[in-house]
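Here is the structure we will look at, set down as structure tokens.
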Amino acid sequence: MKIDGVPSRTIWLQPDDWSVGIIDQTALPHKIERLTLTTVEDAARAIKTMQVRGAPLIGVTAAYGVALAMRSDPSDDALERAVAFLAAQRPTAINLRWALNDLREALRPLSPDDRAQAAYDRAARIANDDVEMCRRIGVNGLALIKELAAKKNGEPVNVLTHCNAGWLACVDWGTATAPIYQANDAGISVHVWVDETRPRNQGAALTAFELLHHGVPHTLIADNAGGHLMQHGDIDLIIVGTDRVTASGDVANKIGTYLKALAAHDNGVPFYVALPSSTIDWSIADGADIPIEERAAEEVLRVQGRLFDGTVASVAVTAEGTPARNPAFDVTPARLVTGFITERGICKASREGLLSLYPERKSAAA
Ligand code: MRU
């Protein structure tokens, strides 16, 4: 997608053909800073500190992290160490483990001399596959938006999204945003309600930034406003992303997603989850088994923003000594999800629904 009219991806191989470029997402939206990763430690730090974030993107970054590790030491031990080290950086998004398993399985049988190049090739393939899966999610989700647009007599289709499941969370297109970008680019009138998504404000800082740069009409709202807007008929459709979907269709996503799903259920608003198949964890059925990341209380107690003089600062929002807790994700039970938008099509949020699109996973599904 575009930044200042220039097509961009979130991660790329630098012209030296080995170091890895990223957009530093902790500096957005106030500064567009590009960084270079040269070691597995750099890749791990970028994931941990959320310079890169979003389920698909941390998977791709981890894959390049293994490539960087293999470049300096392609031994069996170094491979196992790199995989374990990168996997430990964030617990909830399954894409991280999925990408690392993919590399581990592909590299282990190879002779050490061949591992670095194979890892770069594999990482590039995961990145390119992600772009194509997101594009297909866009095509499949566009049908839903078209259906709603047909009933709106030229009025915009109002879509609410939570957190950032946009191109910044992936390599390009995004998951939840792909249908929105494709509708907008096809001339369908669409407007996005953007949840700010406290405590880290991925909606305010990242989704609003993306939509602004791509020219998609949007309005930022406080996280607590969604229910009110649904009661007043201002939301036609909700599309969110996900960090892990279980084999029976439970959905882990950014904290607050569950509350949006409850309000959507109460108000009859369709609630869709967009995901590439790399986000399905076939090994578990119950959402309660998904590990939920607990992040620093500091993120709740403080907020980062630009001051009037242009400097970016972190300021306290509470009295000193206020205790806080910061679970970063929640689980929305499958029964509250209208459907999944995947690269293979749209299905019900259930074991049967998922297996109708991915029949080859029947024996793997918990
Ligand atoms: O903590 P983050 O910013 O990595 O969380 C991101 C989300 O929760 C996204 O909705 C999810 O990863 C889906 S991204 C296509």
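First listed ligand is number 1; within each ligand, the first listed atom is number 1.
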message = If only side-chain N and O atoms count, and only distance matters, is there a donor-acceptor pair under 3.5 Å linking Asp195 with Thr197?
response = no
inquiry  = Under a 3.5 Å cutoff, is there a donor and acceptor pairing between the side chains of Gln25 and Arg53?
reply    = yes
key: Closest candidate by heavy atom, reference atom 3 (O) of ligand 1, pool Arg90, Arg200, Gln202   = Gln202
ask   = Hey, are Thr207 and Asn164 close enough side-chain-wise for a donor-acceptor pair under 3.5 Å?
value = yes
task = Starting from atom 15 (C) of ligand 1, find the nearest protein heavy-atom neighbour and note its residue, name and distance.
result = Thr175 OG1, 3.1 Å
message = Would the distance check show the side chain of Ser350 and the main-chain N or O of Gly353 forming a donor-acceptor pair, the cut-off being under 3.5 Å?
response = yes
query = Quick one: does Trp193's side chain have a donor or acceptor within less than 3.5 Å of a partner on Leu229's backbone?
reply = no
remark   = for atom 5 (O) of ligand 1, nearest protein heavy atom and its distance come out as Lys254 CE, 3.3 Å
message = In this structure, does ligand 1 have an atom that sits under 4.0 Å from one of the heavy atoms of Pro56?
response = yes
task = Considering only non-hydrogen protein atoms, determine which one is nearest to atom 9 (C) of ligand 1 and report residue, atom name and distance to 0.1 Å.
result = Asn253 OD1, 3.5 Å
ask   = Taking heavy atoms and a distance under 4.0 Å, where does Cys170 meet ligand 1: side chain, backbone, both or neither?
value = side chain
key: Heavy atom of the protein closest to atom 14 (S) of ligand 1 (residue, atom name, distance)   = Ala169 CB, 3.5 Å
ask   = Relative to ligand 1, is Ala165 under 4.0 angstrom through side chain, backbone, both or neither, heavy atoms considered?
value = both
key: Min N/O separation Gly241 to ligand 1 under 3.5 Å   = no
query = Does ligand 1 have an atom under 4.0 Å from some heavy atom of Met50?
reply = yes
query = Within less than 4.0 angstrom of ligand 1, does Asn164 place any heavy atom?
reply = yes
query = Quick check: does any side chain N or O of Asn140 sit under 3.5 Å from a backbone N or O of Ile341, one acting as donor and the other as acceptor?
reply = no
inquiry  = Side chains of Asp121 and Gln117: any donor to acceptor distance under 3.5 Å?
reply    = yes
remark   = Ranked by distance from atom 8 (O) of ligand 1, the top protein heavy atom is Asp243 OD1, 2.9 Å
task = Give the contacting part of Thr242 toward ligand 1: side chain, backbone, both or neither, where contact means a heavy-atom distance below 4.0 Å.
result = backbone
ask   = So, Asn95 versus Thr279: side-chain donor-acceptor pair below 3.5 Å or not?
value = yes
inquiry  = Is the terminal nitrogen or CZ of Lys254 (NZ for Lys, CZ for Arg) located under 6.0 angstrom from the six-membered ring centre of Phe329 and within 45° of that ring's axis?
reply    = yes
request  = List every atom of ligand 1 that sits less than 4.0 Å from any heavy atom of Ala55, numbering the atoms from 1 in the order shown and giving each element.
outcome  = 12 (O), 14 (S)
remark   = In this structure, atom 6 (C) of ligand 1 is nearest to the protein heavy atom Arg53 NH2, 3.5 Å
task = Please determine, by modelled atom types, if Ser75 and Asp73 share a side-chain donor-acceptor pair under 3.5 angstrom.
result = yes
